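Small disclaimer: the values here were computed from a predicted structure and weren't measured. Just so we're on the same page: letters track the sequence lines, and every chain starts at 1.
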There are 2 protein chains.
Amino acid sequence: MRTRLKDVAERAGVSVKTVSNVVNGYQHVSPALRAKVTVALEELGYRPNLSARTLRRGRSGMIALALPSVRGPYFSELAHLIVREAEQHELTVLIDCTYGDLTREQTVAEGFRTQLIDGMILCPWQLGATDLRRREDTTPLVLLGERVSNGVDSVAVDSRAVGEAATEHLLSIGRQRIGVLRSLPSNTGGVVSKIRLDGYKRALAAAGLEFDPALVVDVDRPHGVDPRVATDALLDLPEPIDAIFCFNDELALVAMRRLYEQGYRVPDDIAVIGVDGIAAGATITPTLSTIVPDKQQIAAEAVRMLVERIEGDSAAARRRVKAGFTLLPRESTMGLQRVRRRPRTRPARQATRS
Amino acid sequence: MRTRLKDVAERAGVSVKTVSNVVNGYQHVSPALRAKVTVALEELGYRPNLSARTLRRGRSGMIALALPSVRGPYFSELAHLIVREAEQHELTVLIDCTYGDLTREQTVAEGFRTQLIDGMILCPWQLGATDLRRREDTTPLVLLGERVSNGVDSVAVDSRAVGEAATEHLLSIGRQRIGVLRSLPSNTGGVVSKIRLDGYKRALAAAGLEFDPALVVDVDRPHGVDPRVATDALLDLPEPIDAIFCFNDELALVAMRRLYEQGYRVPDDIAVIGVDGIAAGATITPTLSTIVPDKQQIAAEAVRMLVERIEGDSAAARRRVKAGFTLLPRESTMGLQRVRRRPRTRPARQATRS
DNA sequence: CTGTTAGCGCATTCAA
DNA sequence: TTGAATGCGCTAACAG
């Protein structure tokens, strides 16, 4: 049997309450007793039973983070930041993967790990306003993304502004026919993609250009159009394109590879811009121009709002926070950095295929 | 107040026990009562209080996963797989970031979230055998990696074999002077790096080549030598190298960029191989040859062993499972795929700098 | 300042 | 098959 508070009390010759006081860092304990208790605590190797404490306190100090996935550069970074942020508030994060599955998202919204978590942050892909209205669970909830505009706290980047910024950047370097590789994860309503495309259209309109639907190709991984095929589709257009706006960096990487395979040069022939700011983008050649959402801000705001809900009156008005982003112009739009060609000291090798 | 078992019981006009039976799917409940209870459950929107249940059962159905970070391609993928694997066993995963910090690792090993988690999987970077011997907490524990060889269950890839395989591959394509970019996270004892280097030496020896310490450069992010500088160091060696073995793919990406900046061609001048199998490696040009640890196996074995500990007698002998890996030869060692140069239909553009 | 006691919500003895 | 009572370990009222 595990050592309980009671065991420690007996050992130290004090009451349970006193031990509890010491464990919880209460002020009003005489030094003498505190010392005795501390020794007993140490000797018995006491560890509080968090379930019991949670049951009693009605608080566990844990929050859930429900994401479509924890894999992939975007969500893993976001998860990391949220975990860090939660730590600041002495909260532990329980991560749950929804796989963008509606049923799972509903389960989460509708009382997941009840009473074991003090609140949760959910990034919905399919969950709709209806689901949320039906919601009976009273656990504080903060939503990530623009999907739902219901009476729930949420934080998201302004996708329209993102679409606009990317497009404006491409226009600013003289590109006129801008293809779009739009990611439509098969399991999403694609709200974000839709809004981003609005931004694209707006930027075009502001530049006096007409929107051409043929320039927009949907990429629907993993069950839909392969990104390579989608890129080819853009390249095969009768009137050639001079830039591609990819809705995420991973897509951009694939597109750039495809452009290489098809003999196009980036950015000379075709400029490429992505969204996310994944690490590889800074390292590949050409380095990838991209738009970086302020994940740190997203994490901080989400946790802050959640903590407020947990601690404060749940009655406060629902808030909708807009997170910022940054345009990072790099080589895939601005042109390759000049490199110094080294004198070659030995003949170029042939790779020996085995 | 939240609806409790008792409330449901009153509503349905039955005892608490019966409701509990229904909730937990007990067999021996008469259909009539079951129906009544189900209705009451629905009407009141009952959600079990997991803290109470945990306290009573002595099991929470949660396990902790303590990693240095959840960011980055390797750990995020691993976390993902472990979460999936845990789900198969109806376990929820609580993720904790240690940042490779010794104190935090000790905290985790020494009774983290006691009684709230049924077991844990820890990937130690600094924790030593001493810490583990001292361990008083009885929560089942499984270790990831080769760091500790104590009386604890663990699963890890054979780093020596990895080092050997990478080196042999480079030798097999005719490279003889193989530089090593060795990652030594500032907070690690670098056990893995050491063992991998052993593999490198062994492969060299087997090929009748002498080991040259000058060929090994340590990269110590974020506080130590910049990977770019480290790459330069290899390039500045009096006797030129013809290959680089990078201890992880991210490092390889940086090295390849640096090679480009310095005017070397990959793989013609210098072949590059990494370890991890990150997604970007399949997409960049040249695609990155790499060694992919079988993360799925690691995840599966870790969870399996943990579950056995949780359910079975804790007395069973400690096991040390070796996970497999795969060599993925790609363009960065095998040579570029031939590309078709398209007829250019319009003059090459100049990127207009704004 | 410290001890006694009740009860958080649930699962589970033991009776019926 | 079902109901009543007990206690999991802890914290917070309330006494002392």
Handout entry: B:Glu85 versus B:Gln296, side-chain donor and acceptor atoms under 3.5 Å
Key =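 Distance-only check passes for B:Gln296 and B:Glu85.
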Exercise for the section: Report yes or no: do A:Ser51 and A:Thr54 form a side-chain donor-acceptor pair below 3.5 Å? Expected result: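 No, A:Thr54 and A:Ser51 have no side-chain donor paired with an acceptor closer than 3.5 Å.
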Handout entry: Close side-chain approach of A:Pro140 and A:Met120, heavy atoms under 4.5 Å
Key =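 No, every pair of side-chain atoms sits at 4.5 Å or beyond.
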Completion exercise
Quick tally for nucleotides 11-16 of chain D: nucleotides whose base has a protein heavy atom under 4.0 Å get B, sugar-phosphate-only ones S, the rest -, giving BBB---
Return the value, rounded to whole Å, for the distance between atom [atom1] of [X] and atom [atom2] of [N].
X	N	atom1	atom2	result
A:Arg47	D:dG9	CZ	C1'	16 Å
B:Arg59	C:dC10	CZ	C1'	17 Å
B:Lys36	D:dT2	NZ	C1'	12 Å
A:Leu55	D:dG7	CG	P	17 Å
B:Asn49	D:dC10	CG	P	17 Å
B:Leu50	C:dC8	CG	C1'	15 Å
B:Gln115	D:dG9	CD	P	8 Å

Problem - A:Arg4 side chain, from C-beta outward: closest of C:dG9, D:dG9, C:dT2 - result: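 The listed nucleotide nearest to A:Arg4's side chain is D:dG9.
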For [X], check salt bridge (Lys or Arg N to Asp or Glu O under 4.0 Å) against everything at least two apart and list the hits.
X	result
B:Asp118	none
A:Arg59	none
B:Glu146	B:Lys322

Exercise for the section: Please assess A:Arg47 against A:Arg4 for the test side-chain contact (heavy atoms from CB on, under 4.5 Å), listing each intermediate value before the final yes or no. Expected result: CA-CA 8 Å; A:Arg47 315 252 168 258; A:Arg4 300 156 303 162; over 6 Å; no
Exercise for the section: Just report the end-to-end axis angle for the helix from C:dC1-D:dG16 to C:dA16-D:dT1, five pairs per end, to 10 degrees. Expected result: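 For the helix from C:dC1-D:dG16 to C:dA16-D:dT1, the axes at opposite ends meet at about 40°.
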Practice task
Look at A:Ser30 and C:dT2 and indicate whether a side-chain polar atom (N or O) is within less than 4.0 Å of OP1 or OP2.
Solution key: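 Yes, within the criterion.
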Problem - D:dT1 OP1/OP2 closer than 4.0 Å to side-chain N/O of B:Thr18 - result: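 For B:Thr18, the contact criterion (side-chain N or O under 4.0 Å from OP1 or OP2 of D:dT1) is not met.
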List the atom pairs, with distances to 0.1 Å, where a side-chain N or O of residues 36-45 of chain B and a protein N or O form a donor-acceptor pair under 3.5 Å, not counting sequence neighbours.
residue	atom	partner	partner atom	Å
B:Thr38	OG1	B:Arg34	O	2.5
B:Glu43	OE1	B:Arg11	NE	2.8
B:Glu43	OE1	B:Arg11	NH2	2.7

Practice task
Check step by step if salt bridge (charged side-chain N to carboxylate O under 4.0 Å, His left out) holds for B:Arg104 and B:Asp96.
Solution key: CA-CA 10 Å; B:Arg104 293 190 65 111; B:Asp96 182 63; 3.5 Å; yes
